[in-house]
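Below is one structure, written out as structure tokens; comments come after it.
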Protein chains: 2
Amino acid sequence: MFTLSEENYLKAIYHLELGNDGGVSTNAIAEKLATKASSVTDMVKKLSEKEVVLYKKYKGVTLTILGKTVAANVVRKHRLWEVFLVEKLNFSWHEVHEVAEQLEHIKSAKLINQLDRFLGFPTHDPHGDPIPDKDGNLKIVEKSLLSTLSKNESGICIGVDDSSSEFLQFLDKKGITLGKKITILDKEDFDDSLSISIGDKKLSISNKIASNLYIRAHTGQ
Amino acid sequence: MFTLSEENYLKAIYHLELGNDGGVSTNAIAEKLATKASSVTDMVKKLSEKEVVLYKKYKGVTLTILGKTVAANVVRKHRLWEVFLVEKLNFSWHEVHEVAEQLEHIKSAKLINQLDRFLGFPTHDPHGDPIPDKDGNLKIVEKSLLSTLSKNESGICIGVDDSSSEFLQFLDKKGITLGKKITILDKEDFDDSLSISIGDKKLSISNKIASNLYIRAHTGQ
DNA sequence: ATAAATTTTTAGACAAGTCTAAAAATAATA
DNA sequence: TATTATTTTTAGACTTGTCTAAAAATTTAT
Ligand SMILES: [Mn+2]
Ligand SMILES: [Mn+2]
Ligand SMILES: [Mn+2]
Ligand SMILES: [Mn+2]
């Protein structure tokens with residue numbers, strides 16, 4: 001069994017490993033968890049004892065198979081709870097993360113399996129992130145940033161890179177939600193801002209926004 | 001804000017105060033929480049600092065108004081989650097307590113209010129215990145132990161005193177569930193065992209069983 | 001009312017998780 | 001390559017919540 005704190009470290013390392021290849025650095029973990037490097041070193045030793053990470057002093061850490069399984073299960077719980085909050089309790093997507101951070105640590109295999117069934121075995125959370133299955137596997141969906149599309153190309157909005165409450169509320173205000181079709185009407189060379197159509201509306205969005213929206217390419221039609 | 005441990009102490013004192021009148025003893029709290037008296041003394045001082053209990057050395061503790069509110073809210077969450085687990089996730093009543101012990105500490109007012117709504121504002125949990133409202137008030141329902149009924153009297157089974165997993169599973173095996181009408185067919189002087197009818201079945205149950213089942217008196221009919 | 005038994009508190013210790021400050025190792029730069 | 005800057009680890013301390021053992025207060029029994 002793992003403590004709440006251990007689970008949070010494993011999850012942080014899990015997320016950092018997806019971006020990086022090679023070991024995850026002490027500082028990176030410290031930053032992600034808003035803690036100090038010295039605390040990370042202490043915890044990493046404990047996790048190494050428990051055989052969930054590989055650790056060599058001064059070279060970062062990597063998850064073992066076991067560690068990856070544990071971490072993926074925490075992520076699975078986090079995302080299933082987020083679906084629950086949005087689908088069943090009328091939370092909006094910018095309100096769920098904080099509560100899911102707590103719920104992800106509830107220990108009960110039956111709970112999470114029944115929740116999964118109750119929700120209809122969802123594959124993605126409210127932010128478009130994939131939900132790992134019972135074995136911790138998640139299928140990667142082909143996706144690209146909106147900012148990489150060219151004029152007249154279009155796609156379906158399927159996720160966000162930044163899922164901060166502020167960004168999500170901004171998207172709400174603009175009427176940008178997952179599942180909607182977006183077409184690039186024009187691209188401004190000066191600042192890389194975009195003129196897009198979404199639903200029946202036309203919007204102008206900055207490159208920063210476009211670099212935080214994931215799109216499933218929408219060939220033809 | 002209160003820690004998980006503080007919430008557990010407050011809840012324990014809350015439950016003990018309902019049985020007792022006058023202060024709750026250090027030992028009683030220690031036993032309920034399966035901890036040591038010395039630990040209780042330490043925590044009680046902290047709770048006293050935080051103004052959720054009144055504490056005089058060697059005289060037990062009592063909850064303040066604030067303390068009672070906090071405790072009742074934890075109980076409210078515990079019972080609402082138990083309803084959720086049984087009604088929505090197909091848990092049986094003997095499986096919910098352990099998970100609810102964890103879920104009761106999740107902090108989010110919106111979560112619990114929406115859960116309440118989602119469940120249709122239930123008034124009782126799966127064991128027949130009342131669910132405190134937002135202000136911590138619970139309405140007491142008139143109830144008596146099955147063991148206090150006389151021959152030919154009957155009532156509706158509305159709760160259990162012992163809600164241990166073992167007892168609940170025993171009741172399942174015998175087909176005794178909340179909401180069923182029970183009639184005393186006969187009472188054995190020798191050991192106070194009862195012959196009862198429940199649904200269309202007849203059963204013989206010991207006095208110990210009858211002393212753990214709550215009945216709403218069922219006058220006439 | 002004294003003595004004995006019980007309950008409660010204190011004193012001191014420990015594990016988990018964190019922190020600051022300083023030392024050591026590694027990486028970057030001149 | 002020698003020096004400087006950055007990263008990482010160590011050493012020591014602190015908080016929370018717990019424990020054991022011993023002292024103090026209270027209750028019960030003689
Ligand atoms: Mn989240
Ligand atoms: Mn998410
Ligand atoms: Mn319960
Ligand atoms: Mn209950």
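Side chains are part of it too, since the values below use all heavy atoms of this structure and drop only hydrogens, waters and symmetry mates. So you know, we letter chains A, B, ... as the sequences are listed, proteins then strands, and number each from 1.
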- Quick one: ring pair (Phe, Tyr, Trp, His ring centres under 6.0 Å) pairs with a partner in residues 91-138 of chain A, sequence neighbours left out?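 Output for this query lists A:H78-A:H97.
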- Query: Is the number of heavy atoms from other residues, nucleotides or ligands within 6.0 Å of CD (A:Q169) greater than 12?
  - Reply: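 More than 12 within 6.0 Å, yes.
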- Task: Tell me, yes or no, whether the heavy-atom count around B:K11 atom NZ, taken from other residues, nucleotides or ligands under 6.0 Å, exceeds 12.
- Result: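 Yes, NZ of B:K11 has more than 12 neighbouring heavy atoms, counting only those of other groups under 6.0 Å.
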- Item | Whether A:W81 and A:F84 hold their rings parallel, tilted or perpendicular, with breakpoints at 30° and 60° |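 The arrangement is perpendicular - the two ring planes meet at more than 60°.
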Distance test, side-chain N/O of [X] to OP1/OP2 of [N], below 4.0 Å:
{"X": "A:T3", "N": "C:dG17", "answer": "yes"}
{"X": "A:T35", "N": "C:dG17", "answer": "no"}
{"X": "A:Y9", "N": "C:dT18", "answer": "yes"}
{"X": "B:K45", "N": "C:dT10", "answer": "yes"}
{"X": "B:S39", "N": "D:dC19", "answer": "yes"}
{"X": "B:S25", "N": "C:dT7", "answer": "no"}
{"X": "B:N27", "N": "C:dT6", "answer": "no"}
{"X": "A:T41", "N": "D:dT10", "answer": "no"}
{"X": "B:Y55", "N": "C:dT8", "answer": "no"}

- Does A:R76 reach the main-chain N or O of A:G136 with its side chain, forming a donor-acceptor pair under 3.5 Å?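 No, because the side chain of A:R76 does not come within donor-acceptor range (under 3.5 Å) of the backbone of A:G136.
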- Message: Between A:T148 (side chain only) and A:L145 (backbone N and O only), is there a donor and an acceptor less than 3.5 Å apart?
- Response: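 It does hold such a pair.
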In whole angstrom, give the distance that lies between atom [atom1] of [X] and atom [atom2] of [N].
{"X": "B:D42", "N": "C:dT10", "atom1": "CG", "atom2": "C1'", "answer": "9 Å"}
{"X": "A:K36", "N": "D:dT6", "atom1": "NZ", "atom2": "P", "answer": "17 Å"}
{"X": "A:K46", "N": "D:dT10", "atom1": "NZ", "atom2": "P", "answer": "14 Å"}
{"X": "B:K56", "N": "C:dT7", "atom1": "NZ", "atom2": "C1'", "answer": "19 Å"}
{"X": "A:I29", "N": "D:dT7", "atom1": "CD1", "atom2": "P", "answer": "14 Å"}
{"X": "B:L4", "N": "C:dG17", "atom1": "CG", "atom2": "C1'", "answer": "16 Å"}
{"X": "A:E49", "N": "C:dG17", "atom1": "CD", "atom2": "P", "answer": "14 Å"}
{"X": "A:E6", "N": "C:dT18", "atom1": "CD", "atom2": "P", "answer": "10 Å"}

- Query: From B:S147 OG over to B:L194 CG, what is the distance, rounded to the nearest 0.5 angstrom?
  - Reply: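 B:S147 atom OG to B:L194 atom CG measures 7.5 Å (nearest 0.5 Å).
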- Message: Nearest to the B:A37 side chain among D:dT9, C:dT9, C:dT20, which nucleotide is it?
- Response: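 The answer is C:dT9, which lies nearest to the side chain.
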- Kindly point out which of D:dT18, C:dT18, C:dT9 is positioned nearest to the side chain of B:T26?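 Among D:dT18, C:dT18, C:dT9, the one nearest the side chain of B:T26 is C:dT9.
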With 3.5 Å as the limit, what N/O pairs link the protein to nucleotides 21-29 of chain C?
| residue | atom | partner | partner atom | Å |
| --- | --- | --- | --- | --- |
| C:dA25 | O4' | A:Y58 | OH | 3.3 |

- Message: Closer than 4.0 angstrom, basic N to acidic O: yes or no for B:E98 and A:K110?
- Response: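 No salt bridge links B:E98 with A:K110.
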- Query: If you pin B:G60 and A:S5 to their nearest nucleotides in DNA chain C, which one's is more 5'?
  - Reply: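 In this pair, the answer is B:G60.
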